[in-house]
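Here is how names work: the chains are called A, B, and so on, in the same order as the sequence lines, proteins then strands, and each is numbered from 1.
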Amino acid sequence: MIPLSWYLAVAAILFVIGFYGVLSRRNAIAILMGIELMLNAVNLNLVAFWRYTQPDQVAGQVFAIIVITVAAAEAAVGLALFIALYRLRGTVHIDEIDLLRG
Amino acid sequence: MNGVLFLIPALPFLAFVFIVLFTHQNRRVSAGLTIGATAIAWLLGWYIAFQAFLNPDEVMEAPFRLTLPWFAGGYTVFYTGFQVDLLTAVMLFMVPFLCFLIFVYSLGYMEKDPRFSRFFAYLALFATGMLGFILADNLLLAFVFWELMGVCSYLLIGFWAFRRPEETHIDTAQVQRARAASLKAFLTTRVGDTIMLVGILLLYALTGSLRWDEALSPTSLKALAEQSTYIPFLGEVPWATVLAVLIFWGAIGKSAQFPLHVWLPDAMEGPTPVSALIHAATMVSAGVYLILRTFPLFYVVEEGANGAMGFVAFIGAFTALFAATMGVAQFDIKRVLAYSTISQLGYMFAALGIGAYVAAAFHLLMHAFFKALLFLGAGSVIHAMEHGHEHAHEHGHGHRTEESLPFNPNDMRLMGGLFRRMPRTAWTFVAGGLSLAGFPLITAGFWSKDEILAEAWYTGHSVVFWTLAIAAFVTAFYTGRQIFLVFFGEPRSAAAQHATESPTTMTLPLVILAFFAVAAGWVGIPEAFPGLGAVVRGWFQRFLGVQAEALGLHVEALPFEPAPVLISVAMALGGLGASWLVYGRRPIGVTDPLQGALGGLWMAWHRKYWVDELYQATVVAFARWLSQVAYRFDDAWVIDPLVDGVGRFGRWLGARVRRFIDEQIIDRAVNGTAWLSNLVGEWFRQIQTGQVQNYLLAVLAAVTVLLVLGLF
Amino acid sequence: MVLQAVFLITALLTLGSALMVVLHRNLFISALFLIASFFGVAVFYVLLEAEFLAVAQVLIYIGAIATLIVFAIMLSRGMMTGRTSPRNAQALWAAGGSLALGAALLYVVVFRVQWPVAEKAVPADMIQRLGTGLVTDYVVPFELASLLLMAALIGAVMIAREKEV
């Protein structure tokens, strides 16, 4: 039997890797990929906890399914935004977009 | 089965929603949706109604009912729902059927209108309101639908108020009039509705329920009749009477009874199908239906002991005669009918006021049929006149140059001789007219009117009886006048000469309605009537009698008395005969022959007893004066000078203070603060890079630090 | 023992691919590694006996999201040809912060907390239960999720649509 902490460790590392991608990449699409990695890490956590605490309930899996759905919606809207952005500004480099600058 | 009740008002509402959201671009689909939804509601309604007709006792024992919790108020849950008992069944027979016929008629009448779809959307919404109102099982839900009808009435009266002049031949003045009329209708009924709302709230406060069967149950009625309250000038008045009068005010507004009758004639500015449906057959009679529903409140207090019955009888009988006389002196074909509607509604209230519950309901039903018929017939005539006018102009047939009146398709002085030009409209209109006049034995109007008169005679209400009898004479007179002016004699304008029969979508409903306007009354031939009575045995009276008995009213089949019947027949035939003498016997010109004969009285009728002017001079002027005073109070006399004075003092004081405190201390403090903020801001703005990733990095750092801190 | 070996290999591959996703210069290759990484997570799901989720992972993440991302990369390809760095100025700081956070998380997960574990088996009719649950107890979230998806689709179309000028 694989210990629960193994899964949690993998999920933690996957999350941190994704976060690094979000923080360091310039290309917006790459950032989106990082976010997808983070969501996967979260899902892995959810399913692992489900398996090791209440495998006879369905709540954990349902939650994971909802997360997948949200991820799909987020990817669709995010990519549409990038395409609109690319059309408008001619770039998807996040560090060139600083309308919020004080 | 009970769940189906919900569908009856819901279907037209769905049609409304669909038209507004999706199909308003497509005229055919929009009209089809409305008519289809109404047709289904009609079939469902008849199915339920006929079940009630066949087994009245069963339905009375266990009415169709659909109840849902609506909202929790304090400690009680407010239930709402729909129900069908015998009274509802009677209405359910009439309302959706008439809606359907009139919607079909509108297909032809509104054919050329650019806002055809919108018209049908409004009609569907109105059908929702009316059907929901008759089905509602409590006063609050009924009130909601009541107001919905009010809104639809407003929208439909003003239907032509927002058209651009180039759309049609309708001129600017008419657009203005439609605008004013819709507002007038809305505001006038609002007066009644507000008073009624007070009554509803009071009823809920006193009984804790608004369901017909709970709020008006024998125990709560007894309590309402026995407890009383002190009202200045009137003394101790039972609560039941207070509630009855308050609720009756709603009916006065909606059913255009004196003194809130002024809006209904002006409402004729709306399209004619609207006048037929809303302002003749259904919405205005909703007031009567409301009183039928809440009748125990009126009835429970003994007559002569501060009951509300006398008030209802007075208003009804007075309005019946008052409005009928005004109808004699109108030239607008629809306005005559409008006054006739007010007058006939007065009949119903008078009937209620003398306790003739069944007779009022019977007249309500018959009136709906023949008045809808008359309005639709008038619409057909107007339609023909408009076409005749266009035709005459196109072909340069303006050879009758002596026309001294401007063209108005509603003006009866320009009509005449239309019988030959449009026979189907004419025949059906005459049938409806005879029914309204109460032509003996064959017409529906005779039986229902006779029932009211007989009851008044039998119960000894001689004032009411004679008022209504004279009103019957006047009614027959103006009806005859209208028929002779419109259909007989010589055409008095080029438009009338070139008028042609309307399309089948318009004449077919007329024919169907004509059948009902004549034959529907036969179900109510009283048992004691010689000959005919033995056949029908007062079916309607027995049927609705079951409901009345359940409300605690005693209903008995009246013995036959020749006197009221003979008086009623004499009045009807006398009125028709008199109108022939004045208008039918010889050709007439532009002025009314009666004007010369009656002089000032005729003028009073023609100008509607100057009630509009009176309201203009009192209520409207008072409201204006009040707003003027309020404005002056605010602007010129009190508030503004006060404010100005305070302001001036403040400025003087300010100038003093400024020199010593402001410039020396405050300014320096403020400037110092600004300088400091600027310094800090300059420093901080460097971290506001606008780069989301920078911010995220800060988040990462913060989370890590918090996590690590949490570990130790 | 075998399971643990499989786990370790999968973990290695998944995390390695994930690293390549965030490090590789070429965005297209990043996307391919993303697919590999998604696949690794699907294998974890199988190990966790959540077969339905594993299939959903493959279908949705690899079949839909990854494809979408590849499309987006190809649509905005024109601007990726320059010799600009794929990383921004704060990449070093980000690496340090991420390492710190990762270390802290691993410490917590592996050493600090004693995880409660229930030794229960997954019921055989799990997928059936899941299906029933989605249309009974969890029907509201389920429907809301579908509503969200539809709103997102319509929104995406509206945003990405070429405006007629």
Side-chain angles (χ1 to χ4, degrees), chain A residues 2 4-10 12-21 23-27 29-30 32-34 36-37 40 43-44 47-48 50-56 58 61-62 64-66 68-77 79-84 86 90-92 94-95, chain C residues 3-4 7 11 14-15 18-19 21-22 27 30-31 34 37-38 41 44-45 48-50 53 56 60 64-65 68-69 72-73 75-76 79 86-88 91 94-95 98 101-102 105-106 109-110 115-118 120-123 129-130 133-134 138 141 145 148-149 152-153 155-156 159-160:
Chain A
I2 304 158
L4 173 58
S5 55
W6 286 26
Y7 284 105
L8 300 184
V10 169
I13 297 171
L14 194 58
F15 183 84
V16 170
I17 292 174
F19 202 1
Y20 170 72
L23 285 178
S24 67
R25 300 293 293 228
R26 295 178 66 206
N27 192 306
I29 297 171
L32 192 72
M33 290 199 266
E36 297 296 345
L37 284 179
N40 261 291
N43 254 357
L44 191 55
V47 178
W50 162 77
R51 177 66 189 87
Y52 283 87
T53 56
Q54 322 183 290
D56 48 349
V58 295
Q61 292 219 32
V62 169
I65 289 171
I66 304 276
I68 292 180
T69 318
V70 172
E74 172 249 332
V77 174
L79 290 171
L81 274 174
F82 298 153
I83 288 176
Y86 179 54
T91 177
V92 284
I94 278 301
D95 54 1
Chain C
L3 274 181
Q4 288 172 352
F7 178 91
T14 308
L15 296 178
L19 266 180
V21 170
V22 296
L27 209 51
S30 283
L34 183 69
S37 172
F38 285 161
V41 174
F44 283 131
Y45 289 161
L48 285 165
E49 294 173 77
L53 272 183
I60 298 176
I65 297 179
L68 206 61
I69 287 174
I73 291 169
L75 278 175
S76 56
M79 40 72 59
R87 273 178 282 282
N88 58 17
S98 300
L101 181 65
L105 281 177
L106 278 180
V109 163
V110 180
W115 299 103
V117 173
K120 279 190 260 182
V122 179
R129 286 192 192 196
L130 191 59
L134 279 180
Y138 299 100
L148 174 76
L149 262 184
L153 283 183
I159 293 168

Rounded distance [0.5 Å steps], [atom1] in [X] versus [atom2] in [Y]:
| X | Y | atom1 | atom2 | result |
| --- | --- | --- | --- | --- |
| L15(C) | I13(A) | CG | CD1 | 5.5 Å |
| L19(C) | L14(A) | CG | CG | 9.5 Å |
| L23(A) | S98(C) | CG | OG | 5.5 Å |
| F44(C) | N40(A) | CZ | CG | 11.0 Å |
| R26(A) | R87(C) | CZ | CZ | 11.5 Å |

Discussion item. Centre-to-centre under 6.0 Å for W6(A) and F7(C), is that the case here?
Written reply: yes
Taking every heavy-atom pair that is under 4.5 Å apart, which of [options] has the most such pairs with chain C?
| options | answer |
| --- | --- |
| G21(A), P55(A), A73(A), A76(A) | P55(A) |
| A12(A), G18(A), A71(A) | A71(A) |
| V77(A), I2(A), V10(A), I83(A) | I2(A) |
| T53(A), V70(A), I29(A) | I29(A) |

So which residue, [options], ends up with the most heavy-atom pairs under 4.5 Å with chain A?
| options | value |
| --- | --- |
| L3(C), L134(C), L105(C), L34(C) | L34(C) |
| P141(C), A11(C), A50(C) | A50(C) |
| T14(C), I69(C), L153(C), V110(C) | I69(C) |
| L48(C), V41(C), V22(C) | L48(C) |
| L149(C), L53(C), V21(C) | L53(C) |

So which atom in [X] and which in [Y] form the shortest heavy-atom distance, rounded to 0.1 Å?
| X | Y | value |
| --- | --- | --- |
| A94(C) | S24(A) | CB-CB, 4.4 Å |
| R51(A) | K120(C) | NH1-O, 3.1 Å |
| V58(A) | Y138(C) | CG2-CE1, 3.6 Å |
| L37(A) | S37(C) | CD2-OG, 3.4 Å |

Under a 4.5 Å cut-off applied to non-hydrogen side-chain atoms, are [X] and [Y] in contact?
| X | Y | result |
| --- | --- | --- |
| W115(C) | L8(A) | yes |
| W50(A) | V122(C) | yes |
| M33(A) | S30(C) | yes |

Using non-hydrogen atoms only, which part of [X] is less than 4.5 Å away from chain A: side chain, backbone, both, or neither?
| X | result |
| --- | --- |
| A121(C) | backbone |
| I60(C) | side chain |
| A64(C) | neither |

Is it the backbone or the side chain of [X] that comes under 4.5 Å from a heavy atom of chain C, or both, or neither?
| X | answer |
| --- | --- |
| I17(A) | both |
| L81(A) | both |
| L4(A) | side chain |
| F82(A) | neither |

Discussion item. Determine whether L148(C) and T69(A) satisfy the following criterion, side-chain contact (heavy atoms from CB on, under 4.5 Å), listing intermediate values before the conclusion.
Written reply: CA-CA 8 Å; L148(C) 174 76; T69(A) 318; 5.5 Å; no
